[in-house]
Amino acid sequence: MTAESKPETKPEMKSDILDEIDSKLKGVITDSKVQRERRLVITIDGKDIVKVCQTLFDMGFDHLSNISGVEYEDRFESVYHIWSYSNKNLVTVKAVLPKKEPEKQPEIDSVTSIWRSANWHERETYDLMGIRYKGHPNLTRILNPDDFEGHPLRKSFKLVENPWYDEK
Amino acid sequence: MEAVIKKIKTRNPNEMIINIGPQHPSTHGVARLVTRLDGERAVKIEPVIGYLHRGIEKLAENRNYVQFLPITDRLDYVSSITNNMVYVQAVEEILGIDVPERAEYIRIIMLELQRLASHLLFVGTFGADVGAWTVLMYGFRERERILDLLEMVTGQRLLYTYIWFGGVRYDLPEGFVEQCRKTVDALPSYFDDYEEYFYNNEVFLGRCRGIGILKKKDAINMGVTGPNLRACGVEYDIRKIDPYSIYDRFDFKVCTQKEGDTLARFNVRMAEMRESVKIIQQALDNLPEGDYKANTPKFLKPPQGEVYSRVESPRGELAVHLISDGVNRNPYRLKIRSPAFCNLSAFPAFAEGDIIPDVIVNFASIDIVLGEIDR
């Protein structure tokens with residue numbers, strides 16, 4: 001279902017919330033757009049993440065729904081999906097981490113001090129994507145065993161197809 | 001893993017560490033709780049997960065959009081249709097497919113039947129974990145009737161792959177509507193029976209009331225969703241607050257409780273089953289004629305785009321963050337936000353300080369499925 005085909009009765013993303021975010025985070029947001037009703041996407045630099053998240057938290061965005069790490073050719077992104085129980089909007093914050101040396105782990109500040117739910121999300125992103133969260137209380141692997149090498153969701157991590165029959 | 005044990009090892013001779021799981025009937029799969037005990041009291045609990053990790057997010061990047069659909073069944077294997085729905089919904093949003101009216105109604109019927117099946121399984125196994133073994137059989141008996149209905153439509157009992165891009169995979173078979181109405185209409189009287197068994201049982205109430213209290217503010221901060229959150233008094237149901245599909249056309253209420261304890265979590269699910277029955281009845285009444293599937297191409301190649309789609313699964317907020325690069329036929333990145341994963345991460349906060357039998361009851365009450373946690 002596309003955004004157009006949904007009934008028009010639902011409220012649009014309130015522009016005053018957009019304005020408030022814009023005015024409070026002036027100069028920090030590098031790009032912003034309203035994806036569809038109640039969905040706002042903002043792009044920021046990785047070093048501003050705690051400031052942006054604290055501002056959003058103070059505005060009533062109290063539910064950190066998800067953190068996902070994404071790898072592009074030239075950059076990593078740590079993407080935060082934040083929902084507000086009071087004003088019922090979903091803000092997607094994309095923190096851009098430039099990729100300087102391909103195999104080096106990019107670093108970003110942890111937001112566990114704002115939302116405790118970030119704890120396991122950050123551990124998972126560290127485990128699978130290899131993004132280091134500075135200030136995390138216990139940044140260890142969560143899904144893979146401790147002695148696992150590499151980060152499976154990196155594009156450089158290739159899956160090996162094992163033949164189902166015995167080759168001998 | 002061993003680092004976890006090392007970390008919480010203590011020199012205090014009165015304390016001891018035991019592992020609950022990974023193979024233990026009360027963990028409902030393969031989860032391990034590294035528990036530090038002082039006498040019978042659990043001072044510190046550290047869940048260890050990953051025993052069922054199959055790398056589903058990586059598999060998604062190596063399969064095309066259609067090939068990945070059956071794998072979504074394997075996430076939360078007691079509510080497969082919900083997983084199909086969240087993934088299909090994300091792809092449809094990127095592609096801009098319109099779903100026919102009849103398909104939307106069939107989807108709602110199947111999603112709610114699935115919710116009933118999942119909650120009935122919870123009621124049964126929760127009874128077993130508390131020690132009320134009789135109810136286990138009752139829960140499975142009613143779940144069986146719902147699985148019969150699902151089997152009638154999909155030919156499968158557990159992994160359905162039923163919801164398809166642009167609609168559903170098959171039309172409803174002949175006689176389904178009558179059969180479904182018959183089964184669903186009979187369910188509330190069974191729920192009355194369950195309530196009688198549970199709420200007249202002093203042992204059950206004694207074991208559940210006031211155990212594992214989760215406060216509203218903590219629950220929100222720790223990302224708890226679904227019935228566990230509603231048991232703390234937050235009226236949050238994605239079906240109602242951020243409606244997807246055609247949920248905004250149905251009349252049902254969001255069930256909440258104030259206490260936030262184990263009993264409240266149980267009550268919310270019992271009440272939700274009645275609401276599901278109402279939704280199914282309304283959908284059966286208004287089921288229109290028409291196509292069950294839109295005309296979608298066999299090979300999907302979505303344009304460049306990024307979407308975060310959410311549904312209310314029986315366990316909470318299930319979401320998919322899907323990125324398509326517009327070049328390949330595979331998803332560029334697919335991240336699954338699993339509700340049980342987040343609910344489990346909050347578990348130590350309200351279970352620590354309880355005695356061991358209460359930890360088991362607490363653990364049963366958050367209703368986790370390991371396939372979804374480990375992915």
Side-chain angles (χ1 to χ4, degrees), chain A residues 1-7 9-10 35-39 41 57 62-73 77 79 81 83 85 88-90 92 94 114-121 123-125 127-129 138 140-148 152-155 157-159 161, chain B residues 1-4 7 46-50 53 55 57-59 61-62 89 92-93 95-99 104 217-218 220-225 229 234-236 241-246 248-249 306-308 310 317 319 321 323 325 332-337 341-342 344-346 349 373-375:
Chain A
M1 257 176 121
T2 53
E4 292 80 42
S5 69
K6 293 212 167 173
T9 49
K10 276 192 252 167
Q35 206 173 15
R36 62 178 174 89
E37 75 238 278
R38 302 196 204 179
R39 297 285 189 279
V41 182
F57 183 77
D62 40 9
H63 174 50
L64 175 66
S65 173
N66 183 32
I67 297 178
S68 51
V70 189
E71 183 186 7
Y72 293 98
E73 262 174 33
E77 271 179 12
V79 186
H81 299 274
W83 169 261
Y85 284 114
K88 298 182 179 51
N89 289 303
L90 190 102
T92 303
K94 292 180 172 186
I114 304 168
W115 299 284
R116 276 190 278 167
S117 54
N119 190 324
W120 278 26
H121 286 304
R123 275 178 74 185
E124 189 196 322
T125 312
D127 184 2
L128 301 180
M129 190 55 90
N138 175 28
T140 49
R141 289 187 182 272
I142 186 163
L143 293 176
N144 287 313
D146 279 342
D147 54 359
F148 191 85
L153 286 180
R154 293 276 180 97
K155 293 287 174 194
F157 190 103
K158 296 279 181 241
L159 290 190
E161 289 272 338
Chain B
M1 309 278 166
E2 299 317 309
V4 176
K7 207 188 79 204
E46 185 109 4
V48 178
I49 58 170
H53 181 55
E57 289 171 14
K58 186 73 178 176
L59 284 173
E61 292 172 18
N62 289 277
Q89 189 177 274
E92 280 171 359
E93 194 177 325
L95 276 166
I97 301 176
D98 280 324
V99 182
E104 292 276 28
K217 209 176 148 201
D218 291 340
I220 291 174
N221 198 261
M222 288 187 292
V224 175
T225 48
L229 181 68
V234 184
E235 209 177 310
Y236 176 62
I241 280 175
D242 193 13
Y244 53 95
S245 193
I246 50 167
D248 41 2
R249 297 185 203 169
E306 184 170 344
V307 56
Y308 189 65
R310 313 190 295 166
E317 178 186 336
H321 179 213
I323 301 175
D325 59 0
Y332 185 76
R333 172 85 169 95
L334 184 119
K335 157 91 195 194
I336 297 141
R337 190 262 186 212
F341 181 83
C342 302
L344 183 62
S345 78
I373 291 176
D374 293 342
R375 276 159 287 161

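Bear in mind that the values here come from a model prediction, so they are computed numbers and not experimental data. Proteins come first, then strands; the chains are lettered A, B, ... in the order of their sequence lines, and each starts at number 1.
- Residue contact with chain A, scored on non-hydrogen atoms closer than 4.5 Å, involves the backbone and the side chain of Glu57(B) alike.
- Under 4.0 Å is where a charged nitrogen must lie from a carboxylate oxygen, and between Glu93(B) and Arg39(A) no such pair does.
- Looking at Leu229(B), only its side chain comes within 4.5 Å of chain A, counting heavy atoms on both sides.
- Neither the backbone nor the side chain of Val41(A) comes within contact range of chain B; no heavy atoms are under 4.5 Å apart.
- Residues Leu128(A) and Arg375(B) have side chains not in contact (no heavy-atom distance under 4.5 Å, counting atoms from C-beta outward).
- Between the NE2 atom of His321(B) and the CG atom of Asn66(A) there is a distance of 8.0 Å, given to the nearest 0.5 Å.
- With rounding to the nearest 0.5 Å, the separation of CG in Asn62(B) from NZ in Lys158(A) is 8.0 Å.
- Taking CZ from Arg123(A) and CD1 from Ile49(B), the interatomic distance works out to 7.5 Å, rounded to the nearest 0.5 Å.
- Side chain of Lys58(B) to main chain of Pro152(A): a donor-acceptor pair is present (N/O by atom type, distance under 3.5 Å, no hydrogens or angles).
- Heavy-atom distances place the backbone of Ile114(A), and not its side chain, under 4.5 Å from chain B.
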For this session: Show the numbers, then the answer: is there a side chain to side chain contact (heavy atoms under 4.5 Å, CB included) between Asp242(B) and Lys88(A)?
Result: CA-CA 8 Å; Asp242(B) 193 13; Lys88(A) 298 182 179 51; over 6 Å; no

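- Using a 4.5 Å cut-off between heavy atoms, Phe57(A) touches chain B through its side chain atoms alone.
- Ring planes of Trp83(A) and Tyr236(B): tilted class, angle from 30 to 60°.
- Contacts of Ile323(B) with chain A are made by side-chain atoms alone, with heavy-atom separations under 4.5 Å and no backbone atom involved.
- Using a 4.5 Å cut-off on side-chain heavy atoms (C-beta onward), Glu317(B) and His63(A) make contact.
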Problem set entry | Verdict with supporting geometry, Val70(A) and Tyr332(B), side chain to side chain contact (heavy atoms under 4.5 Å, CB included) | CA-CA 9 Å; Val70(A) 189; Tyr332(B) 185 76; 4.3 Å; yes

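- Considering only residues two or more places apart in sequence or on other chains, Lys155(A) meets the side chain to side chain donor-acceptor pair (under 3.5 Å) condition with Glu61(B).
- Remark: Asp218(B) engages Arg116(A), Leu214(B), Lys215(B), Met222(B) in a side-chain contact (heavy atoms from CB on, under 4.5 Å) (not counting sequence neighbours).
- For the atom pair Trp120(A) CH2 and Ile373(B) CD1, the distance stands at 7.0 Å (nearest 0.5 Å).
- To the nearest 0.5 angstrom, Tyr308(B) atom OH is 7.0 Å from Leu90(A) atom CG.
- Between the CG atom of Leu143(A) and the CG atom of Asp374(B) there is a distance of 6.0 Å, given to the nearest 0.5 Å.
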For this session: Give the C-alpha distance, both sets of side-chain angles, the deciding distance and a yes or no for salt bridge (charged side-chain N to carboxylate O under 4.0 Å, His left out) between Arg333(B) and Glu77(A).
Result: CA-CA 12 Å; Arg333(B) 172 85 169 95; Glu77(A) 271 179 12; over 6 Å; no

